[in-house]
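To keep things clear, I will list the structure first and then write my remarks on it.
Keep in mind it's a predicted model, so treat the numbers as computed, not measured.
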Amino acid sequence: MEELLKNKFWILLLLTFSVSTLKAQEKSIFGKVIDSTTVKGVANVNILNKRSGEIVVTNEKGDFYLRALASDSIIITNIGYERKGFKWD
């Protein structure tokens, strides 16, 4: 079962919108991590901004909030799931 979970594309990341924050180029990312099989939010997923070292964890609904600059690398990990990453624009 665990192997099956690792092989599935498990994340649908919904970046609902971004808002300017303290720095002119820094943006706020509001998002949700969803299991593609159950289409439900995934709790306790670690989300890392590699540049800043900031780590946030999704809530019980899979929601999260993170600050990032353009071109920051964002890494998403959770036990039993495949690690995913993307570059923020």
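Side-chain atoms of Lys32 come within 3.5 Å of backbone atoms of Lys61 as a donor-acceptor pair (strictly under, hydrogens ignored). A distance-only check finds a donor-acceptor pair linking the side chain of Thr58 to the backbone of Asn44 [under 3.5 Å]. In this structure a side-chain-to-backbone donor-acceptor pair under 3.5 Å is missing from Asn49 to Asp72. Remark: the backbone N or O of Tyr81 is not paired with any side-chain donor or acceptor of Asn78 at under 3.5 angstrom.
Within the 4.5 Å cutoff, no side-chain heavy atoms of Asp63 are placed close to those of Phe30. Thr77 is listed as a side-chain neighbour of Arg83, based on a closest heavy-atom distance under 4.5 Å.
Closest non-hydrogen pair, Gly85 versus Ile75, comes out as CA-CD1, 4.2 Å.
Tested against Thr38 for a side chain to side chain contact (heavy atoms under 4.5 Å, CB included), the candidates Ile34, Val42, Asp35 yield a single pass: Asp35.
Going from atom CG of Leu66 over to atom CD of Glu54 covers 4.5 Å, rounded to the nearest 0.5 Å. The CZ atom of Phe86 sits 5.0 Å away from the CD1 atom of Ile76 when rounded to the nearest 0.5 Å. Note that CD of Glu26 and OG of Ser28 are 7.0 Å apart. Values are rounded to the nearest 0.5 Å.
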### Task
Could you give me the CA-CA distance, side-chain angles and deciding distance for Ile47 and Ile29, then say whether side-chain contact (heavy atoms from CB on, under 4.5 Å) is met?
CA-CA 11 Å; Ile47 302 169; Ile29 303 170; over 6 Å; no

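Hydrophobic cluster membership differs between Leu48 and Trp88, with clusters built from Ile, Leu, Val, Met, Phe, Trp and Tyr side chains linked at under 4.5 angstrom.
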